[in-house]
Amino acid sequence: MRTFRAILCTAAVAACVSAGLIAAQPADATSTVNYVALGDSYSSGVGAGNYIGSSGSCDRSTNAYPEQWDNANAPASFVSVACSGATTADVLSSQVSTLSRATTLVSITIGGNDAGFSGVLETCVLEWTSACLDAVSNAENFIASQLPARLNNTLQTIRAHAPAAKIVLLGYPELYDLSKSSSCIGLSTADRTALNQAADDLDGAMANAAKSNSDTFADVRAQFAGHEICGSPRWLNSVNIFDISSSYHPTANGQELGYLPVFTAAAR
């Protein structure tokens with residue numbers, strides 16, 4: 001159930017500001033902003049419900065942080081082409097064409113699918129710890145050896161298409177609250193620790209890429225602390241056999257109370 005503050009945040013931006021959940025901006029601060037949201041399922045809003053029918057298999061949600069930022073700030077223009085399952089190659093082939101010299105703000109989450117995280121998570125859920133740790137290790141090796149070049153190329157291509165834009169690369173939260181692991185059914189603590197470390201490695205690669213390209217990295221891990229799987233209240237969907245695609249993705253509260261405040265601060 002959504003908290004009273006969360007409901008207020010959706011209903012009235014002023015309530016978010018007064019509660020300290022979202023920083024206030026001058027009335028005219030975003031009136032000339034042309035905002036484009038790129039990226040994968042964490043930006044499209046998979047797991048947050050209220051999907052936009054016209055987005056098809058991209059599963060863009062009205063609860064996703066880009067749509068919520070648009071509603072709260074009324075920029076001059078807004079479009080989201082974030083899509084479930086997107087890799088850096090997908091961003092380059094089918095998303096950057098949305099950008100232009102008029103674009104002034106870009107948000108993106110990307111890299112998890114390049115590293116094969118969905119396959120890693122499937123292995124960890126369905127197989128023994130040894131197989132999970134091997135899958136995580138393979139993903140970490142990819143993150144260290146191949147992902148940096150892909151991230152750099154992606155950010156540089158975004159910059160070429162939108163030379164005047166502020167580019168905000170948002171990270172991924174850790175998946176588990178390890179402090180509650182012993183009393184939380186599901187994966188072993190060894191599995192959970194490895195998955196969190198892989199998320200940290202991914203965020204580290206993203207932070208380095210953003211710094212190298214003079215862009216902004218927005219770290220959401222502190223915002224999600226205590227609200228990962230096993231935490232309470234939980235802002236990430238746990239494994240759902242009836243809706244596998246939503247597993248390990250932010251809930252509506254995770255988008256609103258996790259991603260949105262961090263992006264709002266970074267976009268200023």
Side-chain angles (χ1 to χ4, degrees), residues 33-73 75 77-100 103-115 117-118 147 150-151 153-155 157-159 161-162 165-173 202-203 206 209-210 215-220 223-224 235-237 243 245-264 266-267:
V33 171
N34 294 303
Y35 170 35
V36 178
L38 310 175
D40 57 22
S41 53
Y42 273 66
S43 289
S44 72
V46 170
N50 290 337
Y51 300 115
I52 301 167
S54 61
S55 69
S57 62
C58 285
D59 287 334
R60 285 188 285 275
S61 168
T62 59
N63 293 324
Y65 75 85
E67 279 74 11
Q68 294 202 57
W69 191 91
D70 170 53
N71 290 335
N73 292 278
S77 67
F78 165 68
V79 61
S80 174
V81 291
C83 191
S84 176
T87 63
T88 53
D90 295 317
V91 171
L92 299 178
S93 66
S94 62
Q95 295 188 14
V96 296
S97 58
T98 313
L99 304 171
S100 73
T103 304
T104 58
L105 178 63
V106 176
S107 66
I108 182 171
T109 54
I110 202 69
N113 292 314
D114 290 74
F117 259 68
S118 60
L147 187 60
R150 295 191 184 192
L151 292 173
N153 185 38
T154 300
L155 292 175
T157 303
I158 292 172
R159 174 64 63 203
H161 282 74
K166 180 168 191 175
I167 301 170
V168 181
L169 177 63
L170 293 98
Y172 299 94
L202 181 55
D203 283 328
M206 296 168 75
D215 295 319
T216 299
F217 177 69
D219 195 336
V220 301
Q223 189 73 16
F224 272 85
W235 294 350
L236 290 172
N237 289 291
D243 186 12
S245 65
S246 70
S247 302
Y248 293 103
H249 284 83
T251 63
N253 277 349
Q255 289 285 341
E256 181 177 11
L257 304 178
Y259 270 92
L260 179 60
V262 173
F263 176 59
T264 298

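Reckoned from all heavy atoms, side chains included, excluding hydrogens, waters and symmetry mates. Positions are given from 1, in the same order as the sequence printed here.
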Novice: Going by side-chain hydrogen bond (donor to acceptor under 3.5 Å, both in side chains), name the pairs with one or both residues in residues 53-62, residues two or more places apart or in two chains.
Specialist: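 Listed by first then second residue: nothing to list.
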Novice: Excluding sequence neighbours, so at least two apart, what forms side-chain contact (heavy atoms from CB on, under 4.5 Å) with A115?
Specialist: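 Partners of A115 under the side-chain contact (heavy atoms from CB on, under 4.5 Å) test: F117, F142, I143.
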Novice: Ring pair (Phe, Tyr, Trp, His ring centres under 6.0 Å) with Y51: which residues, sequence neighbours excluded?
Specialist: none
Novice: Applying salt bridge (charged side-chain N to carboxylate O under 4.0 Å, His left out), can you list everything that pairs with D203, at least two apart in sequence or on another chain?
Specialist: R221
Novice: If only side-chain N and O atoms count, and only distance matters, is there a donor-acceptor pair under 3.5 Å linking Y35 with S107?
Specialist: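 Indeed, the side chains of S107 and Y35 share at least one donor-acceptor pair under 3.5 Å.
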Novice: Partners of V262 by side-chain contact (heavy atoms from CB on, under 4.5 Å), sequence neighbours excluded?
Specialist: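 Scan of V262 (side-chain contact (heavy atoms from CB on, under 4.5 Å), adjacent residues dropped) gives A218, V220, Q223.
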Novice: Using salt bridge (charged side-chain N to carboxylate O under 4.0 Å, His left out) as the criterion, list what pairs up with D70, not counting sequence neighbours.
Specialist: none
Novice: List for me each residue that meets ring pair (Phe, Tyr, Trp, His ring centres under 6.0 Å) alongside H249, sequence neighbours excluded, and say none if there are none.
Specialist: Y42
Novice: Who pairs with T157 by side chain to side chain donor-acceptor pair (under 3.5 Å), at least two apart in sequence or on another chain?
Specialist: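 Testing T157 for side chain to side chain donor-acceptor pair (under 3.5 Å), a comparison that skips the adjacent residues, returns none.
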Novice: Looking only at the side chains, is there a donor atom on one of S84 and S44 sitting less than 3.5 Å from an acceptor on the other?
Specialist: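 No, S44 and S84 have no side-chain donor paired with an acceptor closer than 3.5 Å.
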Novice: Please enumerate all residues that pass side chain to side chain donor-acceptor pair (under 3.5 Å) together with T103, with sequence neighbours excluded.
Specialist: none
Novice: Just to verify, what does N113 make a side chain to side chain donor-acceptor pair (under 3.5 Å) with, not counting sequence neighbours?
Specialist: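 Once residues adjacent in sequence are excluded, N113 has no partner under the side chain to side chain donor-acceptor pair (under 3.5 Å) criterion.
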Novice: Partners of S93 by side chain to side chain donor-acceptor pair (under 3.5 Å), sequence neighbours excluded?
Specialist: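 S93: no side chain to side chain donor-acceptor pair (under 3.5 Å) contacts found.
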Novice: Holding to ring pair (Phe, Tyr, Trp, His ring centres under 6.0 Å), I want the full list of residues that pass it with Y248, two or more places apart in sequence or in another chain.
Specialist: none
